[in-house]
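Everything on this sheet refers to the single structure shown next.
Here, residue 1 is the first one in the sequence, and each next residue gets the next number.
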Amino acid sequence: MGETRKPMTNDCNFAAVKPIMVDLPYPSIQVREPNQVYANLLSHDYCGATSEMSAITQYINNENRLSAEKCSLAKTILGIAMAEMIHLQKLGELIFLLGGTIDFTAKSQNGRQKMWTPEFLSISGNIRRMLVADIEAEKAAIRQYKMHIKMIKDHDVNAVLIRIIQDEEYHIMILRTLLKEFSNHEN
């Protein structure tokens with residue numbers, strides 16, 4: 001006769017988790033005029049290798065793997081993922097207003113297109129490496145946004161990108177704190 005097994009549960013409650021972001025409003029989502037070049041640049045921020053889509057997916061994957069054993073850490077990671085979702089939504093609106101398409105394809109000026117893929121992610125089972133990868137991904141996103149700001153001559157678009165960078169910098173600060181706390185508990 002088979003033994004009765006108690007079902008596995010995850011007691012980590014995510015109901016009160018909110019996006020983790022700087023407490024500042026976002027600028028209005030508007031553009032000076034349609035511009036396919038700018039839309040294509042933003043498509044890389046939306047769903048390229050270094051993108052909000054990659055960040056969301058990597059954070060959600062990390063949160064799922066942490067939730068059973070490290071609930072507090074998982075909640076923080078989910079809060080960061082939620083902020084990245086807001087960034088994705090803002091970029092999608094800008095791309096649309098600029099005359100681009102939202103299809104999870106990063107578009108280059110030479111006509112080449114690259115569909116988003118999970119191959120862009122850095123997945124680790126080790127919490128330290130996971131946090132370090134998240135910090136590096138945030139830094140790469142900031143570098144890319146700054147490069148795009150220099151290329152885009154639309155104040156309204158750049159204002160949104162500058163505001164997103166503020167959240168990314170905040171995420172780095174939080175992730176570094178988590179890494180330090182985790183390192184202290186490890187020793």
Legend entry - Cluster check L24, I174: I/L/V/M/F/W/Y, side chain < 4.5 angstrom: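 Both belong to a single hydrophobic cluster.
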Inset, instruction - Spell out, yes or no, whether M115 and I56 are grouped together once hydrophobic residues are joined by side-chain heavy atoms under 4.5 Å, including indirect joins. - result: no
Those residues that, when tested against [X], pass salt bridge (Lys or Arg N to Asp or Glu O under 4.0 Å) (two or more places apart):
{"X": "D154", "answer": "none"}
{"X": "E136", "answer": "K139"}
{"X": "R65", "answer": "none"}

Beyond-backbone contact of [X] with [Y], side-chain heavy atoms, under 4.5 angstrom:
{"X": "D45", "Y": "E52", "value": "no"}
{"X": "I135", "Y": "H171", "value": "no"}
{"X": "H44", "Y": "T50", "value": "no"}
{"X": "L175", "Y": "I80", "value": "yes"}
{"X": "L161", "Y": "I152", "value": "yes"}
{"X": "I127", "Y": "L179", "value": "no"}
{"X": "I20", "Y": "M82", "value": "no"}
{"X": "D134", "Y": "I172", "value": "no"}

Could you state the interatomic distance from [atom1] ([X]) to [atom2] ([Y]), rounded to the nearest 0.5 Å?
{"X": "Q166", "Y": "D23", "atom1": "CD", "atom2": "CG", "answer": "11.5 Å"}
{"X": "L66", "Y": "N61", "atom1": "CG", "atom2": "CG", "answer": "9.5 Å"}
{"X": "N62", "Y": "S67", "atom1": "CG", "atom2": "OG", "answer": "11.0 Å"}
{"X": "L178", "Y": "T76", "atom1": "CG", "atom2": "OG1", "answer": "5.5 Å"}

Provide the full list of salt bridge (charged side-chain N to carboxylate O under 4.0 Å, His left out) pairs with a residue in [range], sequence neighbours left out, each pair given once.
{"range": "residues 159-169", "value": "R163-D167"}
{"range": "residues 103-117", "value": "D103-K107"}
{"range": "residues 72-97", "value": "none"}

For [X], enumerate each residue passing the side chain to side chain contact (heavy atoms under 4.5 Å, CB included) test, keeping only those at least two apart in sequence or located in another chain.
{"X": "A159", "answer": "P27"}
{"X": "L97", "answer": "I29, V31"}
{"X": "S54", "answer": "S51, W116, F120, L121"}
{"X": "P34", "answer": "none"}

Inset, instruction - Return each pair, listed once, that meets side-chain hydrogen bond (donor to acceptor under 3.5 Å, both in side chains) where at least one residue sits in residues 30-43; pairs must be two or more places apart or across chains. - result: Q30-D156, Q36-N40, N40-Q109
Inset, instruction - Let me see the working for I164 and I86 under side chain to side chain contact (heavy atoms under 4.5 Å, CB included), right down to the final yes or no. - result: CA-CA 9 Å; I164 290 173; I86 292 169; over 6 Å; no
What are the two closest heavy atoms between [X] and [Y], and how far apart are they?
{"X": "G48", "Y": "A106", "result": "CA-CB, 4.0 Å"}
{"X": "N13", "Y": "C71", "result": "N-SG, 4.4 Å"}
{"X": "K146", "Y": "I165", "result": "CG-CD1, 3.9 Å"}
{"X": "T105", "Y": "C47", "result": "N-SG, 3.2 Å"}

Inset, instruction - Just grab all the ring-ring contact (aromatic ring centres under 6.0 Å, His included) pairs involving residues 81-109, residues at least two apart or on different chains. - result: Y46-F104
Inset, instruction - Decide yes or no on side chain to side chain contact (heavy atoms under 4.5 Å, CB included) for I95 and T101, but give the supporting numbers first. - result: CA-CA 7 Å; I95 292 167; T101 56; over 6 Å; no
For the pair [X] (side chain) and [Y] (backbone), establish whether a donor and an acceptor sit closer than 3.5 Å, ignoring hydrogens and angles.
{"X": "S108", "Y": "N110", "result": "no"}
{"X": "Q58", "Y": "I123", "result": "no"}
{"X": "N64", "Y": "I60", "result": "yes"}

Legend entry - Stepwise side chain to side chain contact (heavy atoms under 4.5 Å, CB included) test for M21 and Y26: CA-CA 11 Å; M21 51 203 299; Y26 276 87; 3.3 Å; yes
